[in-house]
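Report on the following structure.
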Amino acid sequence: MGVFGILWDELIGFFGINAWIEMFKSGDYNALLTYNGFLSAIGPLIPLLLTIEIIRALVFGKFRKKDYRIIFFIYVFNRFVSQFISIAAVAFCIGLFARYAVIKTSFSLYWLIYGYIVWELAHFVYHYLAHKVRLFWCLHSTHHAPEHMNLSVTHAHFFLEAPYADVIRTSICILLGVNPPLLFFIMFIDGTWGAFIHSGENLLKDGRLGFLNKIILTPSHHRVHHAKNPLYMDTNFCNLLNIWDKVFGTFQPEKNEFPPEYGITREMNTNSFLDVYFGEITALWKDVRKAPGIKNKILYTIMPPGWSHTGDHKTARLVRNNFLSETKTGN
Ligand SMILES: [Zn+2]
Ligand SMILES: [Zn+2]
């Protein structure tokens with residue numbers, strides 16, 4: 001064995017990846033359901049996760065000044081905790097659902113295409129619910145708070161959002177037969193593209209990427225998703241392949257006459273961390289408290305943002321439909 005072979009063995013041994021490789025080879029993920037098996041698969045990933053988070057933070061320039069040291073550690077810690085809960089949740093869902101998979105797939109180009117279409121469906125389900133169920137919107141709204149688009153928006157997330165997203169996406173993918181190595185590969189592509197589509201106008205003036213705009217989801221489509229213009233509200237939920245937006249009628253291209261206005265419709269203080277992070281939770285709490293009867297209180301948490309027990313709804317669907325019918329009649 002050459003030097004690189006030995007180094008590689010050391011590396012995967014150090015990070016405990018061999019336990020995962022053995023599991024991939026056997027296709028038996030039941031170990032993830034026992035406490036000891038789960039810990040031995042997940043535990044050694046900690047140094048790997050921490051290294052990745054530190055490298056990411058350095059790449060994104062969070063470590064430039066000494067003054068930022070505390071923020072840097074908070075940033076790394078938050079990302080690390082969120083990633084760790086996420087990976088633990090993913091591992092648990094694999095252990096739980098792998099045996100119920102409707103088909104068996106392998107790591108090949110053919111299955112990659114199938115896997116990606118399934119992944120996009122799972123992403124659509126998670127993202128659609130994040131916008132249409134008020135409780136989930138409380139977790140997702142932090143990502144929609146920024147009023148400018150740039151790559152750092154990729155990192156604007158409530159720390160519990162990734163675990164919740166990954167539970168939904170992993171469960172659907174595993175049940176529909178996407179095998180774990182394929183799933184992790186797709187997650188890697190998705191994460192990379194998912195960051196890139198947050199390129200702002202400073203970096204990429206026209207986000208349409210030429211002819212690609214007709215084939216895949218581009219930064220232009222995701223700018224539309226982040227916009228609060230009535231025409232753009234609650235559209236473009238996909239990430240790389242926008243087939244499901246086209247199937248479910250939520251596809252909306254960018255129109256030159258309506259430049260995206262980023263942010264959310266509620267009055268908010270975008271300079272306040274508390275408002276960006278907890279503002280929607282506070283607003284939901286206020287509505288639940290004043291709602292008459294237990295039924296209305298529950299409805300506030302599960303109905304779309306803008307739903308009101310008085311019948312005076314201001315949901316994104318209504319705002320968009322009103323806009324579309326007004327522009328159609330020429331008003
Ligand atoms: Zn969204
Ligand atoms: Zn986004």
Side-chain angles (χ1 to χ4, degrees), residues 56 60 79 82 86 119-169 187 189-204 207-209 213 216-242 244-246 248-254 259-266 268 270 276-277 279-281 283-284 303-306 315-317 319-320:
R56 269 195 187 157
F60 278 87
R79 293 275 309 167
S82 174
S86 227
W119 168 264
E120 278 289 3
L121 174 67
H123 180 81
F124 184 95
V125 170
Y126 134 70
H127 199 176
Y128 188 83
L129 292 176
H131 280 253
K132 301 296 188 187
V133 175
R134 180 108 179 247
L135 189 65
F136 295 155
W137 171 246
C138 289
L139 305 182
H140 187 54
S141 64
T142 305
H143 182 59
H144 281 273
E147 292 180 326
H148 299 279
M149 183 56 70
N150 57 59
L151 285 175
S152 76
V153 175
T154 315
H155 293 288
H157 281 287
F158 192 81
F159 84 107
L160 283 178
E161 197 192 5
Y164 138 75
D166 282 335
V167 163
I168 294 185
R169 294 188 295 202
M187 280 177 167
I189 303 173
D190 182 80
T192 311
W193 187 258
F196 171 70
I197 55 175
H198 292 94
S199 307
E201 287 80 357
N202 286 341
L203 194 69
L204 201 65
R208 292 181 176 88
L209 306 182
N213 207 50
I216 57 171
L217 189 141
T218 60
S220 162
H221 293 121
H222 201 61
R223 286 173 193 174
V224 164
H225 177 70
H226 273 267
K228 59 184 173 187
N229 314 48
L231 176 65
Y232 296 157
M233 284 172 88
D234 280 13
T235 57
N236 298 349
F237 293 104
C238 290
N239 196 60
L240 170 68
L241 305 175
N242 45 13
W244 298 110
D245 278 315
K246 289 175 181 166
F248 294 120
T250 49
F251 176 65
Q252 174 62 54
E254 184 181 345
E261 290 164 32
Y262 302 117
I264 53 184
T265 47
R266 164 176 80 84
M268 72 179 301
T270 47
V276 168
Y277 217 74
E280 287 296 322
I281 298 174
L284 172 59
M303 292 303 275
T315 59
R317 186 189 298 274
V319 173
R320 185 166 188 266

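The structure presented is a predicted model; accordingly, all values stated were derived computationally and were not measured. As the structure lists them, so they are numbered: ligands from 1, and atoms in each ligand from 1.
Residue H225 is tested with T235, D245, N236 for a side chain to side chain contact (heavy atoms under 4.5 Å, CB included); the sole match is N236.
Using cut-offs of 30° and 60° for the angle between ring planes, the Y164 and Y126 rings count as perpendicular. The aromatic rings of H131 and W137 lie tilted to each other, with the angle between the two planes from 30° to 60°.
Note on the Zn ion (ligand 2): protein N, O or S atoms under 2.8 Å away count 4, no waters included.
Of the inter-residue distances, the one linking M233 atom CE with T250 atom OG1 reads 14.5 Å to the nearest 0.5 angstrom.
Smallest separation of non-hydrogen atoms from L240 and I189: CD2-CG2, 4.4 Å. Minimum interatomic distance between H221 and P253 (heavy atoms only, all atoms of both residues): CD2-CA, 4.4 Å.
Remark: at the Zn ion (ligand 1), atom NE2 from H140 and atom NE2 from H131 enclose 90°, rounded to the nearest 10 degrees.
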